[in-house]
Amino acid sequence: MTENTQAKIWDKAYIPKDVEDRWVSRWAEAGIFNAHSRGEKSYSLVIPPPNVTGALHIGHALNNTIQDFLARKERLLGKDVCWVPGTDHGGIATQTVMEKILKTENASRRALGRKAFAQRMESWTIDCKKTILGQLKKLGCSLDFSREAFTMDEKRKNAVFAAFKKLWDDGFLYRGERLVNWCVRCGTALSDIEVEHEERKGNLWHIRYKEVSGGPGLVVATTRPETMLGDVAVAVHPEDKRYQSLIGKKLFLPLVNREIPVIADGFVDSSFGTGAVKVTPAHDPNDFEMGERHQLPRIKVISFSGKITEEGGVYAGLSREEARKKILQDLELKGFLEKTEPHPHAVGVCYRCQEIIEPLLSWQWFVKMGELSSPAVKALDEGRFKIYPKSWENPYRDWLKNIRDWCVSRQIWWGHEIPVWYCLQCNPIDENSSFHQIPNLKGVVSRGKPENCRVCGSVNFLQDPDVLDTWFSSALWPFSVFGWPEMGEDFKRYYPTQILVTGYEIIYLWVARMQMMGLYLTGNVPFSESFIHGIVRDRKGKKMSKSLGNVVDPLQMMEKYGTDALRFSLISQARPGKDIVFSEDSLIAGRNFTNKLWNTARFALMNAAGLPEKIETQDLALEKLDAADVWILSEYQEMSRSVKEDIKNYNLADAAEKMYGFLWDRFCDWYVEIAKLRLQGSDSESKKTAFTVLITVLIGMLKMLHPLMPFVTEEIYSVLKDWDTSPADFLINSSFSPGPQIKMTEENQKGMAALIEAVSSLRSLRSGLGIPPGLKIPVLCKSEKSLESGFLKKNLSYLEALMGAQSVSFLNSTESVPARSAAAVTPHFTFYVPLEGLIDFKKESERLRKELGKVESDLNKLSQKISDPNYILKASPEDVSETRLLHQTVLSKKSRLEELLKVLS
RNA sequence: GCCCAGUUGGCGCAGUGGUAGCGCGUUCCCUUGACAUGGGAAAGGUCAUAGGUUCAAAUCCUAUACUGGGCACCA
């Protein structure tokens, strides 16, 4: 076997670099991840498209590892998996990145102009996509790379237009003047969920507004004194006794000297501040509503660039910050400022640039959400859509139920153009004014410039200069990638998808909107399940961010520890509802595990000489198996059953942990050690059986671990595959088998447990007494007649080898033990090591006394328990008998220890 | 402010009523032919606090504290 020879020169340690690149290209050449490559049943999922803002970070690595785990797992189960790759144009985020680049070149978006800017974005995007897709390949992602999509490519443009058109036709779109969240830095409106709230230090300033009639008036409390320039009223609670006499009276607005009324409105909370609120309808959402209720004017004093407008009189032209400073100074000077108290409060900031959001009045496009959200709520309630972990379902439902209209227009350049055209004849448009300030426009929806105006016949049109929220195209992603609005073969086969894997930070921004749009546009939930994972934090639990400088580059980690190690580390910490604390320690664990697997395979190969080159299933017939074989096969079955269950519930960390534990603690530490005796022994039948079991479990593990660690498993499989019962070109094309159905006898099960216990306990004895591990010692054993003792006698050679014993001799109850010997006491056995010269008996009695102490405290608890009549009466009979048995065992252990101590003293 | 989750050995986490576990780290022994990215052994926790339910509580209930998250924000 040539591959065998090659394998013999395998390195002692697994070196990922050599292996990974090779498999990435071999998988690509073979096209094994392309859709339509197998099977009847399909399984599809779409990647959350990363923004083309740069390289992928560790969070992307987590997200895509989880998806790849699922995709590979489903392929191993024989499904035709279609996992669609792609990227998102990323709207504001990407435009911001480009603007920063331009700044370093002393250029700017405006200086460049819209066309040149678009070209610049184009080439940036191409580079960025290349980087991202390259990284996904390196991560081992089994995406169908022939299907790469981009939220702004031609097909996705079709989908965006179709969606927009339908929303328009159905009356879900409108252009209206609202108080929107305006980011002064980005120069655009944002939707409500694009605003984050941050606790910031601030003050509550108390300002006196005097009565026109000369009375003292009242004091208002505000966190934003600069907006007072736009005040049009002061509101108090209608039942607030302090202000009854003032309601309806006029006040002088300080500094401005405008006359404003005192109004009564139930919105006001009398217990906060002074109980009197200045009302600025043009710059505060609540005041806006009060303004509506009381028909108050709206005076805009802050402009879209964040500066005070002409309405601000002497303050015009100042920035928000400067104006605040100046106004406070002036108020102080003129005696209007009565008090300044510290008042930390949350301010809205832009989710992209953290600039403080300014609520400003402007004309924007909105999608009416009410009717769109209720089908999504229904889908959740009826179980057609499930969220894992379930704890996200309530916040998701609540958000949908309280949804507000979605502002979809953005005053930026990078994005899908709004397909609305305005006849210049019918709409008097002043080209110099900001578009979002032009009221009451009448437009038509059209992909390209309309022929002529249906009203006046004019051929002069202007397209809406704004672009759509980037999440608008993202919302269509699960079906736009399959060609919607065309419903071709791919759409029919792969839509709806099965699962969407994403982080909780975009449940509302993305998941909810996909559900709503999917239901509205295709009549189906776009995915029936969503797995929500946490975010990766730094060692101190802080969110990773470029500004904090605590970001981890996944490529660096892959370079250092191997991709499989990174994948293992991420998955084994991805517990439902929990964030991941990143540390290199966990990568070390991953690397070590990879190496362990590697060396298990090396061990198998090193012992393959002279053994059959094919596995015969009859070699696994029950009568050929010995106790250890039965034990490991049965453990293997139990583990794979349990892992399957975990994966079904998306408990991937549990699954990873169980596979790790099985391979390392049971397979390597016990089975392989036992198998060594047989593989190096002279019984050729036993040798063959041991090898067959070894290789069967190992190949099974390669398949089970493949979704977790695709590279090392593929590399090993390529060498071992001839021993697979049905060898495949690649692991992904192989079929998983849980091994022969084995039912372990009670004797086998208890016996193996006792064997392990006996060996561990003797090792502990040796270590405690400082007996060198290499020294072969004679061991004597006393025991009651039991299942366990029968088992140990039958498997004496294992016991001796694992204990490092010259021999283990069983004594009958009448035979006496050498007076001065050390002993290991297990529930069923006492093992004696009669090596006078080697044993420090002082140390030994110390050791025994310590153990006796433990046993006594255990016994105390147990005695108390079984002597409690209430316990006997109320606990289940099974439990009581179990406890009694345990009590007996511990009692026997105690008396044996005491006896030993007596002899020693 | 309301709601949800978490609080377990130095660190990261399992553990939903019946004698507290895992990984990493630490200490000691071992470089014997799979693996020192290894093997063996050991130390280390009154399971945040206070009550309660129960024969029995890390586990169920209540309150408090702290942490994280979601929602709403009072100017």
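Note that these values count all heavy atoms, side chains included, but never hydrogens, waters or copies made by symmetry. Chain letters run A, B, ... following the sequence lines, proteins first and then strands; every chain starts at 1.
Rounded to whole Å, the separation between the P atoms of B:rC11 and B:rA56 comes to 33 Å. Across B:rU59 and B:rU19, the matching C1' atoms stand 15 Å from one another, rounded to whole Å. For the C1' atoms, the distance linking B:rA43 with B:rU26 amounts to 8 Å, nearest Å. Using atom C1' as the reference point in both B:rC13 and B:rG6, the two lie 12 Å apart (nearest Å). Atom P of B:rG12 sits at a distance of 16 Å from the matching atom of B:rG25, rounded to the whole Å. Comparing B:rA20 with B:rG9, their P atoms are spaced 16 Å from each other, to the whole Å. Spacing between B:rG23 and B:rA42 at atom P, rounded to whole Å, works out to 14 Å. Here, B:rA65 and B:rU49 have their C1' atoms 7 Å apart, quoted to the whole Å.
Between A:K578 and the phosphate of B:rA14, there is a side-chain N or O to OP1/OP2 separation shorter than 4.0 Å. Within the 4.0 Å cut-off from OP1 or OP2 of B:rC3, not a single side-chain nitrogen or oxygen of A:Y396 is found. Between A:W392 and the phosphate of B:rC71, there is no side-chain N or O to OP1/OP2 separation shorter than 4.0 Å. Listed pair A:K658 / B:rG21 fails the phosphate criterion, with no side-chain N or O lying under 4.0 Å from OP1 or OP2. For A:H197 and B:rG70, the shortest distance from a side-chain N or O to OP1 or OP2 is not below 4.0 Å.
A:S583 comes within contact range of no nucleotide atom at all, as no heavy-atom separation falls under 4.0 Å. As judged by a 4.0 angstrom heavy-atom cut-off over every strand, A:D669 is placed among residues touching the sugar-phosphate backbone only. Residue A:V279 is classed as having no contact, given no heavy-atom separation below 4.0 Å to the nucleic acid. Residue-level contact check: A:R575 touches the backbone only, with heavy atoms under 4.0 Å from sugar-phosphate atoms and none from bases.
Annotation: of the two residues near RNA chain B, A:C668 and A:I872, the 5′-most nearest-nucleotide partner is A:C668. Along RNA chain B, the nucleotide nearest to A:D287 and the one nearest to A:K865 differ in position, and the one closer to the 5' end is contacted by A:K865.
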Practice item. Dot-bracket notation for RNA chain B is requested: 5' to 3', Watson-Crick or G-U wobble pairs only, both distances under 3.5 Å, with ( ), [ ], | and . as defined. Key: ((((((((.[[[[.)..(..]]]].(((((.......))))).....[[[[[..)....]]]]])))))))....
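Note: CG (A:L698) to P (B:rC35) measures 16 Å, nearest angstrom. The CD1-P distance, from A:I580 to B:rG6, rounds to 18 Å in whole Å. Separating the CG atom of A:N394 from the C1' atom of B:rC71 is a distance of 12 Å, rounded to the nearest angstrom. As rounded to whole Å, 15 Å separates atom C1' of B:rA75 from atom NZ of A:K339.
Aromatic ring pairs are classed by plane angle as parallel below 30°, tilted from 30° to 60° and perpendicular above 60°; the pair A:W598 and A:Y14 is tilted.
In the model, A:N203 has no side-chain atom that pairs as donor or acceptor with a side-chain atom of A:T340 under 3.5 Å.
Nearest nucleotide to the side chain of A:K676, out of B:rA34, B:rC55, B:rU37: B:rA34.
Below the 3.5 angstrom threshold, one finds no donor paired with an acceptor across the side chain of A:K12 and the base of B:rC35.
Taking a cutoff of 4.0 Å between a charged side-chain nitrogen and a carboxylate oxygen, A:R575 and A:E657 qualify as a salt bridge.
Under the ring-ring contact (aromatic ring centres under 6.0 Å, His included) criterion, A:Y660 pairs with A:F568, A:F593, A:W664, not counting sequence neighbours.
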Could you list all N or O pairs between the protein and nucleotides 41-47 of chain B that sit under 3.5 Å apart?
unit_1	atom_1	unit_2	atom_2	d
B:rA41	O3'	A:S764	OG	3.4
B:rA41	O2'	A:S767	OG	3.0
B:rA42	OP1	A:S764	OG	3.1
B:rA43	OP1	A:K850	NZ	3.4

